[in-house]
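What follows is one structure encoded as structure tokens, with my remarks underneath.
Order of the sequence lines sets the chain letters (A, B, ...), proteins ahead of strands, with each chain counted from 1.
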Amino acid sequence: MRYFIITLGILILGVVLIAGRRGDLSRNRPMQIFPDMKRQAKLRPQTANGFFPNGFSSQLPPEGTIAQEQPLTVGGRAVYSFEDAPVNTGRQTGSTNFIALNPFPITGGFLARGEREFNIYCAPCHGRTGEGTGITKKIGAMAVVANLHDKRIVEFTDGEIFHVISQGKGVMQGYASQIAVPDRWAITGYLRALQLSRLGSVDDLAPELRAKLQ
Amino acid sequence: MSAIFPKWTNKLPLMIIIGGTLTAGAVTAGVWYYFTPKYFRVGYQPIQPVAFSHATHAGQLGMDCRYCHSTVEKSWFSNIPSSSTCMNCHNQVLKDDPRLALVRESAATGKPIPWVQIHRVPDFVYFNHSVHVNRGISCVECHGRVDQMEEVYHAKSLSMSFCLDCHNDPASKVRPADKITDLGWTPSEDPNEAAKRQEAFGKKYVHDFRIESMNNCSACHR
């Protein structure tokens, strides 16, 4: 009996020593004891897959492909993403002139959306206030970050701001792949609000709001 | 008359009972402790091709998760960022650093970086990121404090019972929509107060976000 208990003890100790505890860090892939169709021969996004010659599961669409999509509604008209429309390019149709005003109506919800997107995608460099004092500037990682309150940028039309967000400018790369079109316009609207916060005067306020300030 | 069995065999039934119980107990405990995703999956930390630190980017620099994982609110899967996203900053920051050689090569040639997937539910589980993220479930609930991880590891079990814990009681996990990517957020510093507030707004959000806690099989298994 004594030998049995000692053997059992050594066995348990051995298992614990080899197998470790729950949550121990390990470089090895989790074991699958019962496969149970957990891994199936199907395409999963962004994985290697031998089905296509280039080995990607997420294929780039062939050139000229038109996405199946829900069109944007701008000014009561449906606009698809392949169209040369001001909402997609920031330019007047068939010209290189930038449009002056945001094609979307400026509402509270639209600006709130813009604020959120601005704080995600723009604030790391330009800072939450747009002064160009984001974290990359603070740690000295980037030499040049534009101050969005510069006269030069304030004088941009809405279309030009949209174009810079989409295509980039100077060392800034475009954000067209990360931010959807309506969200880029929302950022444009929110940037206008940020700029106005520096340019406005008390006289611009409605009388009842002005009274509150004093 | 000499005994057929020696005297010690009188104790044999007792020994069998004790030995059997001990063995069964040890085996049960071992299976209970080890044969679960809490052991298999938690702590999986593969070596990644590029030594990207979430602790630096999401923690120290305070970048939002969605800067890189930009499809998480719109798509069922959360994307691994394209290397051009890395180059948004790294065309200037550490632009000649050897640690980023693979990223630069990938951005220039389109050759993918072979990142190793860590969190992967079985192929018959249809988890949708956008549905959760847009309804007040934070990244941290399934992925842990990624903003504190130098190298990402599997922090939660992601077993079926893990999913059901929340699906049975979503009010205990929902949070304000603007705190989704704020991984360290709690309703209050004081745990008692935090629990009280969670209970109060949890019910409200479950109603406001129109959360249906789907417990039928086909919600996830198709």
Toward chain A, the part of [X] with a non-hydrogen atom under 4.5 Å:
| X | result |
| --- | --- |
| B:C65 | neither |
| B:T36 | side chain |
| B:W76 | side chain |
| B:N91 | side chain |
| B:Y67 | both |
| B:F77 | side chain |
| B:K11 | neither |
| B:D178 | neither |
| B:E73 | side chain |

Heavy-atom donor-acceptor pair, B:R41 side chain to B:L158 backbone, under 3.5 Å: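 Here the side-chain-to-backbone pair exists.
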Under a 4.5 Å cutoff for heavy-atom pairs, which residue among [options] has the most contacts with chain B?
| options | value |
| --- | --- |
| A:M37, A:Q32, A:K42 | A:K42 |
| A:I139, A:V16, A:V144 | A:V16 |
| A:G20, A:P124, A:G174, A:P45 | A:P45 |
| A:L25, A:I33, A:I5 | A:L25 |
| A:M31, A:R39, A:M142, A:Q40 | A:R39 |
| A:F56, A:Y175, A:F4 | A:Y175 |

pair [X]-[Y]: side-chain heavy atoms closer than 4.5 Å:
| X | Y | answer |
| --- | --- | --- |
| A:L148 | A:F156 | no |
| A:V181 | A:F162 | yes |
| B:F52 | B:V152 | no |
| A:I135 | B:Q60 | no |
| A:R116 | B:R66 | yes |

Interatomic spacing from CG in A:N119 to CZ in A:R128 - rounded to 0.5 Å: 4.0 Å
Side chains of [X] and [Y]: donor-acceptor distance under 3.5 Å anywhere?
| X | Y | result |
| --- | --- | --- |
| B:S84 | A:Q173 | no |
| B:T71 | B:N79 | yes |
| B:D64 | B:T181 | yes |

Which atoms of [X] come close to chain B, meaning under 4.5 Å heavy atom to heavy atom: side chain ones, backbone ones, both, or neither?
| X | answer |
| --- | --- |
| A:R21 | both |
| A:T47 | side chain |
| A:K138 | neither |
| A:I179 | neither |
| A:I12 | side chain |
| A:L11 | neither |
| A:Y121 | both |
| A:L8 | side chain |
| A:R29 | both |

Geometric cation-pi criterion A:R22 and B:Y33, 6.0 Å radius, 45° cone: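 That pair qualifies as a cation-pi contact.
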SB check A:R198 A:E131 (cutoff 4.0 Å): yes
Residues A:R192 and A:D158 bridged, charged N to O under 4.0 Å: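 Here A:R192 pairs with A:D158 in a salt bridge, since their nearest N and O are under 4.0 Å apart.
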Flag if over 12 foreign heavy atoms under 6.0 Å of CZ, A:F51: no
Ring center gap for B:H132 and B:F127 short of 6.0 angstrom: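 Under 6.0 Å, so yes.
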Selection from B:V42, B:I80, B:L22 maximising heavy-atom pairs under 4.5 Å formed with chain A: B:I80
